[in-house]
Amino acid sequence: MTDVAGGGITHHDVVCPFCGLGCDDVSLRVQGNAVEAGEGACGRAAALFRRSADPVPSARVMGREVSLDEALAAAAELVAAARSPVYGGLGTDVDGVRALIKLACKTGGSVDHYASAGLFRNISTSQRKGWIATTLAEVRNHCDLLVVIGPDPSRDFHRLYDRITPPTGRFIKGKRKVVFLGGAPSEEARSQLDGVEIETIPVAEGELLDALSRLQGLISGAPEVPGGPDLAAFAAGLKGAHYGVLAWSAGMLGGDGDLIVERASIIVDILNVDTRAACLPLAGRDNLIGANQAFLWNIGFPLRTAFRGGKADHDQLLNSTEEALKSGDLLIWTSAFRPEQPPAFEGQVVAFAHPDTSFEREPEVFVPVGQPGLDHRGLAFRTDTVVSIPLGGYRDAGLPSIATVAKGLRERLS
């Protein structure tokens, strides 16, 4: 729905693509190139949607303004000469990811999303033992006890509790409860949880894994082990819940993150013997989930896959951007949702990136690109992996999509 007034257009029910929650009730005011987010936008979304009325920057080669064709021609020369290209960032919609996969298949090189560290903590557990996971809608409608493990995820998922924990749910009898284990809710989170019972269980730094191990023992019927917080009443509450959910943001967990995720999934397994419980692993910044899904559809491997000699090779450690850059000679950086700065790298850089991106040093080639969900239509995936979210296009500032520039680059390499 749109309103036209004062020379500008206000778009309602806009989908926000930034954190993976897929909030679809944002309003955008667009007048020429200028954009302001209004109702429904959290602080981060408002900042990332905001645009000035100024003309967008031109493509650049070695700092010199050039046409898009010239920039792609220069990028093609660099890519053709590279022995070990690294495709990093990957902050784009599904079409952009698919175009980059085709490009990487042609040129060789590793491919990774800049926010994938937490995702692979989750993937490691699901690969080793599997898990019982749930969706945002299931939590909202059924979950009577939500356990937040570690730091409060609403720092990255600003409207999380507004979306999944209203005071009552469609199939909840009685009052909903949220327990923070090893973390504390922010003031923003507390305001969203108004009317919901909140409990905070402090855990000393570095002892979250031990607390979860003790909780597992209590749920299994073992006696309380001395030391740390008293978890007996909490364990009894979990066992008595109709639908308990253990949620976490793996990217916020410390060095024991992999083991913390695994321990939480084991607790869910044990609970499901007598009641109903599930995991809610939170991830999804800048279409991270959609990028991983696109890899699974097209390649059969998740992210952190390299293409060499016409074959795909998946390695969670060696093909991470950080590791790949140690032997790489060209970084192709893609980030359309936000001005995410590329990692420090002494080699050559081709950047297909947000117009406002700042660089520690000028890349060899820079092509400013449009944002999916603002400058062009696209498709992204929600954090719970089961819902694809359609992104609209609300202005025409003359910025190409990453899919367009990746396809143009690949065609110049034919």
Side-chain angles (χ1 to χ4, degrees), residues 1-59 68 89-100 113-115 157-159 284-291 333-341 351-358 366-383 388-406:
M1 185 174 65
T2 61
D3 296 330
V4 181
I9 300 176
T10 300
H11 302 273
H12 301 281
D13 300 325
V14 172
V15 177
C16 175
F18 302 115
C19 79
L21 288 179
C23 300
D24 58 0
D25 56 354
V26 175
S27 65
L28 290 182
R29 172 75 174 173
V30 179
Q31 187 165 9
N33 283 350
V35 182
E36 287 289 337
E39 186 178 353
C42 66
R44 177 171 296 152
L48 291 174
F49 270 125
R50 186 176 298 120
R51 297 291 191 277
S52 74
D54 298 336
V56 299
S58 300
L68 176 59
L90 226 68
T92 181
D93 61 337
V94 169
D95 280 348
V97 175
R98 294 177 68 184
L100 289 168
H113 193 288
Y114 82 95
F157 302 86
H158 281 213
R159 294 180 61 191
R285 179 174 178 165
D286 291 358
N287 196 32
L288 168 63
I289 299 301
W333 180 256
T334 50
S335 180
F337 289 108
R338 69 186 74 209
E340 187 72 23
Q341 193 174 65
F352 301 147
H354 191 288
D356 296 336
T357 306
S358 62
F366 169 56
V367 176
V369 296
Q371 176 196 301
L374 176 62
D375 295 299
H376 63 86
R377 294 180 179 273
L379 190 69
F381 269 77
R382 213 169 62 180
T383 183
S388 60
I389 49 179
L391 308 176
Y394 302 102
R395 70 165 192 169
D396 183 4
L399 292 167
S401 67
I402 284 183
T404 297
V405 295

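Start at 1 with the first residue, then count along the sequence.
Closest non-hydrogen pair, Arg382 versus Gly22, comes out as CG-N, 4.3 Å. Across every non-hydrogen atom of Ile389 and Phe381, the tightest pair is CG1-N, 4.2 Å. Heavy atoms only, all atoms of each residue included: Val26 and Gly40 are closest at CG2-O, 3.6 Å.
Proximity of Val97 to His113: side-chain heavy atoms (C-beta onward) are nowhere separated by under 4.5 Å. In this structure the side chain of Asn33 never reaches within 4.5 angstrom of the side chain of Arg51, judged on heavy atoms. Residues Leu100 and Ile402 meet the side-chain proximity criterion, which asks for heavy atoms closer than 4.5 Å.
A distance-only check finds a donor-acceptor pair linking the side chain of Thr334 to the backbone of Leu90 [under 3.5 Å].
Remark: Arg285 engages Glu340 in a salt bridge, criterion side-chain N to carboxylate O under 4.0 Å.
The distance from atom OH of Tyr394 to atom CD1 of Ile9, rounded to the nearest 0.5 Å, is 12.0 Å.
Arg338 and Gln371 share no side-chain donor-acceptor pair at under 3.5 Å.
Applying the 6.0 Å contact sphere to CG of Asp396 captures no more than 12 heavy atoms from other residues, nucleotides or ligands. Counting heavy atoms of neighbouring residues, nucleotides and ligands inside a 6.0 Å radius, atom CZ of Arg98 does not exceed 12 of them.
Residues Phe49 and Phe18 place their aromatic rings such that the two centres sit under 6.0 Å apart.
For Phe157, there are no ring pair (Phe, Tyr, Trp, His ring centres under 6.0 Å) partners two or more places apart in sequence or in a different chain.
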